[in-house]
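See structure below.
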2 protein chains.
Amino acid sequence: MRRDVFQAIADPTRRAIITLIALQAMTPNAIAENFNTSRQAVSKHLRILTECELVSQKQDGREIYYQLNIQKMKEIDKWLSQFRKIWETRFNQLDHVLSTIKNKKK
Amino acid sequence: MRRDVFQAIADPTRRAIITLIALQAMTPNAIAENFNTSRQAVSKHLRILTECELVSQKQDGREIYYQLNIQKMKEIDKWLSQFRKIWETRFNQLDHVLSTIKNKKK
DNA sequence: AACTTGCGAAACCAAATAGTTGCACATATA
DNA sequence: TATATGTGCAACTATTTGGTTTCGCAAGTT
């Protein structure tokens with residue numbers, strides 16, 4: 001079973017869960033209240049997120065709090081950084097073109 | 001059929017295609033040579049990437065060049081930016097903790 | 001001890017996905 | 001014109017996915 005960060009964030013519900021628990025840890029029931037889907041479905045999403053280490057659990061009595069492992073989010077950022085270089089360069093090129101046009105008008 | 005950037009980059013082959021054509025446009029056959037999969041399979045991936053506007057086509061005779069739409073990659077970056085704030089804050093907090101420990105040692 | 005609550009896991013199902021094979025259709029080349 | 005090349009698209013298949021329903025278990029509550 002493929003379990004990587006990119007596959008995990010492919011699902012919109014999982015992205016919403018990530019955003020939801022980004023600032024504070026939450027229990028499955030509390031998370032499920034925010035979606036019109038069953039607790040079990042959310043539980044499955046949480047399992048997938050846990051398996052790829054995007055979230056971690058913290059047991060408190062019979063409640064389990066899920067929190068975002070922000071460190072893992074950097075993996076996406078790392079992959080993206082190779083393209084960031086490109087779009088910054090292209091932006092500078094566009095900037096150059098624009099200033100050339102500007103100078104021509106003078 | 002769901003077609004968004006996140007679903008598009010979920011597949012490892014598609015991520016590889018994106019990286020491959022990031023710097024220069026390529027034809028389906030040229031792209032397929034880099035993978036041990038059929039030309040048709042690559043063609044399907046390119047179709048998905050085109051549908052979500054991550055790549056665009058440029059016809060030249062009977063050849064079709066596919067190029068990355070770097071602008072669309074920023075959408076991922078945009079989503080990620082909400083977490084970037086968090087991990088920068090956490091890093092600063094860690095930094096603060098570390099310097100506190102450092103000062104205690106003095 | 002009996003009941004309620006919070007949860008994960010297994011079994012099942014419909015839909016989506018990634019791949020293959022075979023075809024059609026242009027554009028080049030002989 | 002006949003043939004080769006580059007490509008997209010449809011049909012089919014095996015696998016994966018997201019969801020539901022049902023169950024069991026542990027931790028609290030009565």
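A quick note: this is a predicted structure, and the numbers were derived from the prediction, not measured. Values below: all heavy atoms of this structure, side chains included; hydrogens, waters and symmetry mates excluded. The sequence lines fix the lettering, A, B, ..., with proteins before strands; numbering per chain opens at 1.
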If you check the [X] side chain, which of [options] turns out closest?
| X | options | result |
| --- | --- | --- |
| B:His45 | D:dG6, D:dT7, C:dG19 | C:dG19 |
| B:Gln7 | D:dG18, D:dT20, C:dT17 | C:dT17 |
| A:Gln40 | C:dG8, C:dG19, D:dT7 | C:dG8 |
| A:Ser43 | D:dT7, C:dG8, D:dT20 | C:dG8 |
| A:Arg62 | D:dA27, C:dT27, C:dT20 | D:dA27 |
| A:Arg47 | D:dT17, C:dG6, C:dA9 | C:dA9 |
| A:Glu63 | C:dA9, C:dC7, C:dC23 | C:dC7 |
| A:Ser38 | C:dT17, D:dT7, D:dT20 | D:dT20 |

Any donor-acceptor N or O pair under 3.5 Å, side chains B:Gln67, B:Ser56 = yes

Check whether any side-chain heavy atom of A:Leu20 lies under 4.5 Å from a side-chain heavy atom of A:Phe35, and answer yes or no.
-> yes

pair A:Ile9-A:Arg14: side-chain heavy atoms closer than 4.5 Å | no

Between B:Phe83 and A:Ile76, does a side chain to side chain contact (heavy atoms under 4.5 Å, CB included) hold up when you go through it step by step?
-> CA-CA 11 Å; B:Phe83 304 105; A:Ile76 308 162; over 6 Å; no

May I ask whether A:Val55 and A:Tyr65 are part of the same hydrophobic cluster, defined by side-chain heavy atoms of I, L, V, M, F, W, Y residues being less than 4.5 angstrom apart, directly or through others?
-> no

Distance, rounded to the nearest Å, where [X] contributes [atom1] and [N] contributes [atom2]:
| X | N | atom1 | atom2 | answer |
| --- | --- | --- | --- | --- |
| A:Ile64 | C:dT5 | CD1 | C1' | 13 Å |
| B:Asn36 | C:dA18 | CG | P | 17 Å |
| A:Glu51 | C:dA9 | CD | P | 9 Å |
| B:Arg3 | C:dA18 | CZ | C1' | 11 Å |
| A:Phe35 | D:dT20 | CZ | C1' | 18 Å |
| B:Asp4 | C:dA16 | CG | C1' | 14 Å |
| B:Phe6 | C:dT17 | CZ | P | 16 Å |
| B:Asn29 | D:dT5 | CG | P | 11 Å |

Of A:Gln57 and B:Asp60, the one whose closest nucleotide on DNA chain C sits nearer the 5' end is A:Gln57

Looking at every strand, decide which applies to B:Ile48 at a 4.0 Å heavy-atom threshold: base, sugar-phosphate, or nothing.
-> sugar-phosphate

Check if the side chain of B:Arg39 and the base of D:dG8 share a donor-acceptor pair of N or O atoms closer than 3.5 Å.
-> yes

Classify the side chain of B:Lys44 and the base of C:dG19 as holding, or not holding, a donor-acceptor pair under 3.5 Å.
-> yes

State plainly whether the residues B:Arg84 and B:Glu88 are in salt-bridge range, i.e. N to O under 4.0 Å.
-> no

Using heavy atoms to find the nearest nucleotide of DNA chain D for A:Arg14 and B:Ala30 separately, return the residue whose nucleotide is more 5′.
-> B:Ala30

